[in-house]
Amino acid sequence: MSLTAMEKRATKRELQENFELSGLSVAQAAADLQTTPTYLQRVLDLNVRHIEDPWIVRNYLNQVLRQQHQTPIAYSRLIGSPAEYWFLNEARVTRGQLN
C-alpha cells in the first residue's frame, strides 16, 4: 500500500493521536508489542521494516482504547480488516508483535 504524502501525514497524525489518547508510555507499548521504544517510534512515524507494522500498532491501540472505554480516532487509510488487503501478511498482523 503506497500512500501519498498527504495520506502519510494523516496516517502518522492518526496513529500519534490514538497513542496519546491511550496514555501509554512508549516504553510500555513497546514492551507489549515486543519491540524497542525506538522502533515503535519509527512505526508511529511510518518508517517501517514491514508494511504490516502500522496495522499492528493500529490494532494494539484500538484494543487498548476499547479496554479503557474510549473510542479510537478514526483512521483514513488503515481501515477495514487487514485480511482484505492481499499484500499484507495477515498472520503477522494477527500475531500482534513488532519483532
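Model, not experiment: these values are computed from the prediction.
T35 places none of its side-chain heavy atoms less than 4.5 Å from the side chain of Q97. The side-chain heavy atoms of L98 and Q34, taken from C-beta on, include no pair separated by under 4.5 Å. The shortest distance between side-chain heavy atoms of N18 and L65 falls below 4.5 Å.
Judged by distance alone, with hydrogens and angles left aside, the side-chain atoms of T11 form no donor-acceptor pair with the main-chain N or O of K8 at under 3.5 Å.
With sequence neighbours excluded, no residue forms a side-chain hydrogen bond (donor to acceptor under 3.5 Å, both in side chains) with E90. S76 pairs by the side-chain hydrogen bond (donor to acceptor under 3.5 Å, both in side chains) definition with E14, not counting sequence neighbours. Take N62 and apply the side-chain hydrogen bond (donor to acceptor under 3.5 Å, both in side chains) test, not counting sequence neighbours, and it matches no residue. Annotation: side-chain hydrogen bond (donor to acceptor under 3.5 Å, both in side chains) contacts of R92 (sequence neighbours excluded): D53.
Here the shortest heavy-atom pairing between R58 and L78 reads NH1-O, 2.9 Å. Taking all atoms of both residues into account, the shortest heavy-atom contact from A29 to L40 is CB-CD2, 3.5 Å. Shown here for G96 and I56, the closest heavy-atom pair between the two residues is C-CG2, 3.7 Å.
Distance CG/L61 to CD/Q68: 9.5 Å, rounded to 0.5 Å. To the nearest 0.5 Å, atom OH of residue Y75 and atom CH2 of residue W55 are 10.5 Å apart. Between the CD atom in Q28 and the OG atom in S22 there is a gap of 10.0 Å [rounded to 0.5 Å].
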Would you give me the side-chain donor-acceptor pairs under 3.5 Å for residues 41-50, sequence neighbours excluded?
residue : atom : partner : partner atom : Å
Q41     : NE2  : D45     : OD1          : 3.4
R42     : NE   : N47     : O            : 3.4

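The cluster map of Ile, Leu, Val, Met, Phe, Trp and Tyr, joined by side-chain heavy atoms under 4.5 Å apart, puts I73 and I79 in different clusters. Cluster annotation: V57 and Y85 are assigned to the same hydrophobic cluster (Ile/Leu/Val/Met/Phe/Trp/Tyr, side-chain heavy-atom contacts under 4.5 Å, transitive).
Listed by first and then second residue, the salt bridge (Lys or Arg N to Asp or Glu O under 4.0 Å) pairs involving residues 15-33 are R13-E17 (not counting sequence neighbours).
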Review point. Which is it for N99 and Y39 under the side-chain hydrogen bond (donor to acceptor under 3.5 Å, both in side chains) test, yes or no, and what are the steps along the way?
Key: CA-CA 9 Å; N99 57 3; Y39 189 68; over 6 Å; no
